[in-house]
Amino acid sequence: MALKLHNTLSGKKEDFIPLDPQHIRLYACGPTVYSYAHIGNARMAVVFDLLAELLKHSHKKVTYVSNITDVDDKIIAVATESGEEIDVITKKYADIYNKDMAALGVRAPDIQPRATEHIQEMIDLTALLIEAGHAYEADGHVLFDVPSFPAYGGLSKRSRDEQIAGARVEVASYKKDPADFVLWKPSSKDEPGWDSPWGRGRPGWHIECSAMAEKHLGLPFDIHGGGADLKFPHHENEIAQSCCAHGHENDITAFAKYWIHNGFVTVEGEKMAKSVGNITLVHDLIKSYPGEVLRMTLLSAHYRQPLDWSTATIEQSKSFIDRLYNILKDIEDVQAEDATIPDDILEALHDDLNTPKAFAALNTLAKEAAAQKSPALKGQLLAAGKLMGLLQQDPNEWLGYGQPGGDVDASEIEKLLAERQEAKASKDYARADEIRAKLDEMNIVIEDTPQGPKWRKAS
RNA sequence: GGCGCGGUGGCCGAGAGGAUAGGCAGAGGAUUGCAAAUCCUCGUACACCGGUUCGAAUCCGGUCCGUGCCUCCA
């Protein structure tokens, strides 16, 4: 089945043709670890997790690399403010990031390189760029010489002149050209720094991804991704660095062949920003909702569309997933067969990750599985769910059946249920309803079935 | 200002020239002592104005709204 992906380079959906069919190589820009991951970080992580899984489904060998940026001026700012050591901060937030993403069903990337572990590679790459005449040293900085790369702007489709015309930020005096960007910058004594041919300093932001992608995947590789906001300047600059360092001044595909960008997340209709005060953290969300619900919410819109994050959409996803687990509960006695994922679901995902369409197909499949109580269909449902990172939990546990949890006393509930049964048997419905109301107060829902009453925790 | 993206039924959200998308919510029904859970039935929507076409939500032009990026924000 052919995979189609929207390539930012062409602005079109293209057939994905691997550079090396024996080994698919994928890179996605990960977070800068100076704070908790927000829902926008999570969207990127979930989308590329799904893409990696999909690739792995149809290719034997796939390497998915997603980095951790652990050297950055924002991190320095946090360290200065809090008094904590930089590596303490980065380690803390990298760990939290990984835990939070795991809660969303994000599988660990095959390689998760850290910027600080690739300083030498960045220095080497920078040196190559100077040698090739694409970078220069000025005022302790090393800058990429943008005019030396005529193809610059090919990804974000903006000419150099447009950028200058629209620039809102004052241009540093040491730049030869306003569009030039930093490869290496000097560090003061109390800033983190590494020795380099240009003195003690630290890398610019863009160079790390060029260095890490090249080291772990080799050039060119198949797919490079990240949030839409990274198109410019980050990805544009990565292309400039990597292509120019290796003599591909005229070929912007010499770094990565397909560029995939996920859309932005807004929160209750507003841009998520510190200034608005609506940064929505995964760390907080997972206290209120199962990670699987959040994952589905993130996948409920096509990845390139803007996604508005709201309580209403989370609740919708929850209702949908609850129903799927209800179906799995209904057919819990059906032994799932080993099964492949149905074509309609695979086709939807292969069509540029059309997750909404895939959910529709998953829904149809679930209904059929419930109606037919078929081992094959149940197997298909679980297999499809697995690929999408969903439906792998125990349905009874998910729905709260027979799971006492810390705050409920199962024996007390059973006692009340028995009492209610007695009341019902003697047609004392007032008493029966009273007991049900009491259980309701305990957050327990009763379901009468032909096999007797069942109870579950309300969610 | 420059370069993009988008406006689909109460809500979310696919589709992209001739269509049952799907979901959530809601209504009615079955079931139930009443509920819960489940099942069945029910929605003819595509911002606006022109145009192309036998036919447009889908193509073209314009308008109006919303929104993203424009040197380190996923």
Side-chain angles (χ1 to χ4, degrees), chain A residues 8 11 28-32 37-45 47-48 69 72-74 144 146 153 156-159 161-172 175 178-182 185 204-206 225-234 236-237 261-266 269-274 279 296-297 300-302 304-308 310 312-320 322-323 326-327 329-330 348 351 354-364 367 370-371 399 424 427-430 432-433 436-437 440 445-450 453-456 458:
Chain A
T8 306
C29 292
T32 302
H38 55 64
I39 200 68
N41 296 308
R43 189 179 197 190
M44 167 264 146
V47 164
F48 288 96
T69 297
D72 183 277
D73 287 2
K74 288 192 295 293
F144 184 90
V146 169
S156 56
K157 313 277 187 284
R158 49 185 104 204
S159 74
D161 290 344
E162 278 163 4
Q163 294 151 38
I164 295 164
R168 294 180 308 200
V169 176
E170 227 177 290
V171 176
K175 289 188 181 181
D180 293 349
F181 57 90
V182 171
K185 60 174 130 190
W205 176 37
H206 317 296
D229 56 322
L230 295 184
K231 269 185 232 176
F232 186 88
H234 185 54
E236 202 70 74
N237 293 353
H261 292 97
N262 63 273
F264 242 63
V265 180
T266 54
E270 275 196 290
K271 181 188 175 173
M272 182 166 59
K274 263 190 195 145
I279 302 280
M296 197 210 139
T297 308
S300 66
H302 181 85
R304 278 189 286 117
Q305 293 299 115
L307 174 69
D308 187 40
S310 69
T313 52
I314 303 172
E315 293 294 341
Q316 277 191 27
S317 301
K318 183 171 186 318
S319 299
F320 183 81
D322 280 350
R323 194 166 51 74
N326 247 313
I327 286 172
K329 186 208 71 180
D330 286 346
D351 182 14
N354 192 334
T355 47
K357 204 172 174 184
F359 281 127
L362 192 72
N363 178 56
T364 306
K367 278 192 198 165
L399 297 165
K424 277 177 69 179
K427 303 237 192 283
D428 183 359
Y429 295 121
D433 289 350
R436 186 169 61 206
D440 187 59
V445 181
I446 298 172
E447 291 172 14
D448 287 324
T449 74
K454 295 174 90 171
W455 63 273
R456 65 180 163 88

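So that the names make sense, note that chain A is the first sequence line, chain B the second, and so on, each numbered from 1.
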Taking atom [atom1] in both [N] and [M], compute the distance separating them and give it to the nearest angstrom.
N     : M     : atom1 : result
B/A57 : B/A19 : P     : 11 Å
B/A27 : B/A21 : C1'   : 22 Å
B/U38 : B/U44 : C1'   : 28 Å
B/G68 : B/A74 : P     : 16 Å
B/G9  : B/C42 : C1'   : 14 Å
B/U8  : B/G23 : C1'   : 15 Å
B/C59 : B/G15 : C1'   : 16 Å
B/U41 : B/C60 : P     : 39 Å

* Asked: Among all residues two or more places apart in sequence or in another chain, which pass the salt bridge (charged side-chain N to carboxylate O under 4.0 Å, His left out) test with A/R43?
  -> none

Checking all strands, does [X] fall into the base, sugar-phosphate, or nothing category for heavy-atom contacts under 4.0 angstrom?
X      : value
A/G40  : base
A/R456 : sugar-phosphate
A/D73  : nothing
A/K454 : nothing

If I take atom [atom1] in residue [X] and atom [atom2] in nucleotide [N], what distance separates them, rounded to the nearest angstrom?
X      : N     : atom1 : atom2 : result
A/I446 : B/U32 : CD1   : P     : 18 Å
A/R43  : B/G68 : CZ    : P     : 14 Å
A/M272 : B/G68 : CE    : P     : 12 Å
A/D72  : B/U71 : CG    : C1'   : 13 Å
A/D229 : B/A74 : CG    : P     : 7 Å
A/E447 : B/U32 : CD    : C1'   : 13 Å
A/F232 : B/C3  : CZ    : C1'   : 10 Å
A/D330 : B/C39 : CG    : C1'   : 11 Å

Nearest 0.5 Å, what's the [atom1]-[atom2] distance between [X] and [Y]?
X      : Y      : atom1 : atom2 : result
A/I39  : A/T297 : CD1   : OG1   : 8.0 Å
A/D440 : A/D433 : CG    : CG    : 11.5 Å
A/I327 : A/K329 : CD1   : NZ    : 11.0 Å

* Measure from the ring centre of A/F264 to the centre of the six-membered ring in the base of B/A74, then say whether that distance is under 5.5 Å and the planes meet at under 30°. => yes

* **Residues in side-chain hydrogen bond (donor to acceptor under 3.5 Å, both in side chains) contact with A/E447, at least two apart in sequence or another chain** => A/Y401, A/R456

* Asked: Got a sec, which residues hit side-chain hydrogen bond (donor to acceptor under 3.5 Å, both in side chains) with A/K185, two or more places apart in sequence or on another chain?
  -> A/D73

Which nucleotide in [options] has an atom nearest any side-chain atom of [X]:
X      : options             : value
A/V445 : B/A36, B/U71, B/A74 : B/A36
A/P233 : B/A74, B/A35, B/U71 : B/U71
A/N326 : B/A35, B/U38, B/C72 : B/U38

* Taking NZ, NE, NH1 and NH2 as the nitrogens, is one of them in A/D448 or A/K454 under 4.0 Å from a carboxylate oxygen of the other? -> no

* Residues in ring pair (Phe, Tyr, Trp, His ring centres under 6.0 Å) contact with A/H234, at least two apart in sequence or another chain -> A/W205, A/H206

* Least distance between heavy atoms, A/D308 atom then A/E270 atom -> OD1-N, 4.4 Å

* Asked: Does any non-hydrogen side-chain atom of A/F181 lie less than 4.5 Å from one of A/N237?
  -> yes

* To do: Check RNA chain B for consecutive Watson-Crick or G-U pairs with both distances under 3.5 Å and list the runs of at least three as stems.
  => B:1-7 with B:64-70, B:10-12 with B:22-24, B:26-30 with B:38-42, B:47-51 with B:59-63

* Reading nucleotides 8-25 of chain B from the 5' end, what letters show protein touch, with B for base, S for backbone sugar-phosphate only, - for no heavy atom under 4.0 Å? -> ---BBSSS-----BSBSS

* Donor-acceptor pair under 3.5 Å, A/R304 side chain vs B/C5 base -> no

